[in-house]
2 protein chains.
Amino acid sequence: MEDENPPVVAPTMPEPRLVEPTALEIVRTRSLASLVAQEIEAMILAGTLAAGERLNEQQLAVRLGVSRGPVREAVRGLERSGLVVSVRNQGSYVRSVSTAEALEIYDLRAALTGLACARLAGTASAADRAALEALVARMDQARRADDAPAYYGLNLDFHAALLARGGGPRTRRLYEDLGNELHLFRRRALVEPENMRESNAEHAGIVAAIAAGDAAAARAAGEAHIAGGKRRFQSTDASATHAGPTHAPDSAARDPGPPPAKAPAAPGGRPRRAARSATN
Amino acid sequence: MEDENPPVVAPTMPEPRLVEPTALEIVRTRSLASLVAQEIEAMILAGTLAAGERLNEQQLAVRLGVSRGPVREAVRGLERSGLVVSVRNQGSYVRSVSTAEALEIYDLRAALTGLACARLAGTASAADRAALEALVARMDQARRADDAPAYYGLNLDFHAALLARGGGPRTRRLYEDLGNELHLFRRRALVEPENMRESNAEHAGIVAAIAAGDAAAARAAGEAHIAGGKRRFQSTDASATHAGPTHAPDSAARDPGPPPAKAPAAPGGRPRRAARSATN
DNA sequence: CGCGGGCAAACTGTTGACAGACTGCACTTG
DNA sequence: CAAGTGCAGTCTGTCAACAGTTTGCCCGCG
């Protein structure tokens with residue numbers, strides 16, 4: 001989704017973006033299917049396509065102004081990526097992540113973050129440290145101003161910077177994918193005022209350990225930070241077992257049925273062939 | 001790929017596979033595109049499609065007896081999965097993993113294995129311990145018999161069992177994907193006689209730590225084991241920087257060109273439209 | 001009144017075909 | 001003789017159409 005955001009770690013340099021992605025250049029470079037995939041992914045992450053909702057190829061095609069071919073390819077890619085699940089002759093559904101899986105993803109992210117922090121503790125340059133410290137400072141500023149959205153964005157930047165500088169490209173992509181899956185679970189921003197202070201204190205601890213060159217401490221701090229997020233998430237998540245279709249090729253026993261169960265997919269009881277007229 | 005294998009941890013029970021996947025049943029359940037994807041993935045992993053090789057949609061289509069549509073969908077999925085890279089109007093190439101990336105994947109696998117071991121140390125049942133110990137015993141047996149292939153397979157089973165029992169389904173799938181990517185690097189089996197003893201000793205250490213319920217020790221042992229594999233891999237890998245196309249949407253600067261560089265793709269100087277007549 | 005069978009609609013799966021783009025080669029030209 | 005240019009071939013990207021299957025509804029029957 002977030003392909004063209006500033007270098008992810010731009011706390012100091014605005015990076016004027018010399019190579020502006022011309023529309024024509026985009027068309028020449030990216031395939032239509034990849035564009036469609038990007039668009040659908042954005043829709044899913046934005047909530048336009050709710051979790052568990054059915055993806056109608058034809059509707060998506062006309063909505064995006066393309067044929068069904070690219071849409072199918074895009075959906076297939078998203079399926080492999082874990083954002084949607086498909087069943088033959090029935091359709092594709094936006095994957096609904098269960099609570100158990102969300103917690104598992106937290107563990108995965110913790111491990112990845114710890115890995116990046118440990119590596120960063122050994123290889124961090126002065127610029128790296130400065131960038132991270134600047135982000136922490138800006139987050140602290142946002143916290144004082146009680147600007148939750150700003151803090152949220154900076155938090156994302158901080159973690160992205162951690163992974164970008166401490167991990168390789170593969171690690172970074174993996175982290176982003178996991179983050180997307182987690183976003184899928186619930187839209188609600190889980191950043192609350194009283195959490196910001198605790199969260200940023202942990203951030204500072206991570207940076208301090210990295211600056212000290214203590215790989216073990218940095219790793220522990222990074223993991224503890226994500227674990228804290230997991231704990232906060234758990235505490236705010238009253239709804240218990242929310243078992244939806246996890247991932248098609250994985251579920252050993254497919255008791256509840258591949259689609260969002262036999263029960264009606266949409267909470268509103270909307271019939272299958274919903275006659276959505278306009279854009280939404 | 002390996003959808004219908006026995007429970008991954010079948011060291012004792014041959015598992016007669018009661019639910020035999022009837023061909024008709026397969027056709028009814030899995031989409032043609034997923035079958036094609038499975039087949040192409042198998043080809044890539046088996047080496048039939050060499051790393052860096054170009055994927056001709058038409059040839060693949062006729063070779064698999066389907067049209068180009070499913071092939072395209074499959075390739076798109078594999079692209080998202082990281083096994084192939086595609087450039088518009090030029091084609092898809094089997095991804096060639098650079099040495100740096102292979103090492104990074106080792107780190108990732110180490111983190112994942114450590115995570116699974118740590119969790120397993122706290123939650124392992126008697127059956128889990130027995131299964132793991134049985135696998136270690138069988139590996140020791142294979143080592144004594146100097147049966148490298150058997151050891152190799154059992155080693156895979158051991159690690160799969162570790163992940164299956166210690167991690168959730170997401171973790172398991174991730175580990176498998178990373179393993180596939182690693183397989184992509186080079187075909188050569190990196191299991192050598194003198195390594196088997198060391199390797200299995202580490203296995204035994206992991207199981208012992210798990211049995212003792214020491215999460216930290218189990219995690220350290222698991223990570224050290226993968227790190228040892230990484231080290232062994234590094235020592236046997238004389239070829240230095242082997243920079244191929246890493247991952248299309250990731251590479252920040254695309255200097256060397258998206259395809260396997262401007263230089264001839266095939267080392268043998270094979271012309272682009274290779275006229276491979278038969279099955280290969 | 002509940003239930004099973006049958007029917008129709010919609011959607012997905014797949015295929016074939018057409019247009020555009022890139023590659024490589026041969027030819028012309030300075 | 002080298003470099004640039006034009007051309008043909010092949011392949012990918014995209015689209016439109018056909019067939020098979022599932023789903024939901026309606027009607028007849030017990």
Side-chain angles (χ1 to χ4, degrees), chain A residues 24-37 53-79 84-93 248 257-266 269-276, chain B residues 24-37 53-79 84-93 248 257-266 269-276:
Chain A
L24 188 141
E25 198 65 23
I26 290 178
V27 173
R28 293 182 69 86
T29 314
R30 323 292 301 187
S31 169
L32 230 187
S34 66
L35 271 302
V36 172
E53 187 172 340
R54 185 157 170 276
L55 295 180
N56 190 319
E57 298 179 355
Q58 229 160 341
Q59 283 187 9
L60 282 173
V62 299
R63 184 165 173 173
L64 298 174
V66 297
S67 182
R68 275 181 53 212
V71 173
R72 281 183 66 84
E73 294 180 20
V75 169
R76 204 64 64 181
L78 262 52
E79 178 186 9
V84 306
V85 293
S86 301
V87 289
R88 185 187 165 93
N89 287 328
Q90 194 174 352
S92 304
Y93 300 82
K262 216 69 178 183
R270 180 186 304 164
R272 180 185 170 189
R273 47 180 79 88
R276 57 172 53 189
Chain B
L24 189 140
E25 198 64 23
I26 289 179
V27 174
R28 292 182 70 85
T29 313
R30 323 291 300 188
S31 168
L32 232 187
S34 66
L35 271 303
V36 172
E53 188 172 342
R54 185 156 171 276
L55 296 180
N56 190 319
E57 298 179 355
Q58 232 161 345
Q59 283 187 8
L60 283 173
V62 299
R63 184 166 173 173
L64 297 174
V66 297
S67 184
R68 273 181 54 213
V71 173
R72 280 184 66 84
E73 294 179 20
V75 169
R76 203 65 63 180
L78 262 52
E79 178 185 9
V84 306
V85 293
S86 300
V87 289
R88 184 187 165 94
N89 287 330
Q90 193 174 354
S92 304
Y93 299 82
K262 215 69 177 183
R270 180 186 302 164
R272 180 185 169 191
R273 47 182 81 90
R276 58 169 52 189

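Naming convention: chains lettered A, B, ... in sequence-line order (proteins, then strands); numbering from 1 in each chain. Please read all numbers here as calculations on a predicted model, not as lab measurements.
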Locate the shortest heavy-atom distance separating [X] from [Y]; write the atom from each residue and the value.
X	Y	result
A/A61	A/V71	CA-CG2, 3.8 Å
B/V36	B/A74	CG1-CB, 3.7 Å
B/S86	B/S92	OG-OG, 2.7 Å
A/L32	B/R88	N-NH1, 3.9 Å

For B/E73, is there an ion pair with B/R76 - N to carboxylate O distance below 4.0 angstrom?
no
Show me the protein contacts with nucleotides 6-8 of chain C, counting only N or O atoms at under 3.5 Å.
none

Between [N] ([atom2]) and [X] ([atom1]): distance, integer Å:
X	N	atom1	atom2	answer
A/L60	C/dC11	CG	P	12 Å
A/Q58	D/dC18	CD	C1'	13 Å
A/R54	C/dC11	CZ	C1'	6 Å
A/L55	C/dC11	CG	P	13 Å
B/N56	C/dT23	CG	P	15 Å
A/Y93	C/dC11	OH	C1'	11 Å
B/L35	C/dG13	CG	P	13 Å
A/R76	C/dT12	CZ	P	11 Å

Look at the side chain of [X] and decide which nucleotide, out of [options], has an atom nearest to it.
X	options	answer
A/N89	D/dT22, C/dT23, D/dT14	D/dT22
A/E57	C/dC11, D/dT12, C/dG13	C/dG13
B/R88	D/dT23, D/dG13, C/dG13	D/dG13

Would you please confirm or rule out a distance under 4.0 Å between OP1 or OP2 of C/dT12 and any side-chain N or O of A/R72?
no
With 3.5 Å as the limit, what N/O pairs link the protein to nucleotides 15-17 of chain C?
| from | atom 1 | to | atom 2 | distance (Å) |
| --- | --- | --- | --- | --- |
| C/dT15 | OP2 | B/S67 | N | 2.9 |

Atom pair CG (A/L55) and CZ (A/R72), whose distance is rounded to the nearest 0.5 Å
12.5 Å
Would you compute the distance between atom CD of A/Q58 and atom OG of A/S67 and round it to the nearest 0.5 angstrom?
9.5 Å
Can you name the side-chain hydrogen bond (donor to acceptor under 3.5 Å, both in side chains) partners of B/S34, sequence neighbours left out?
none
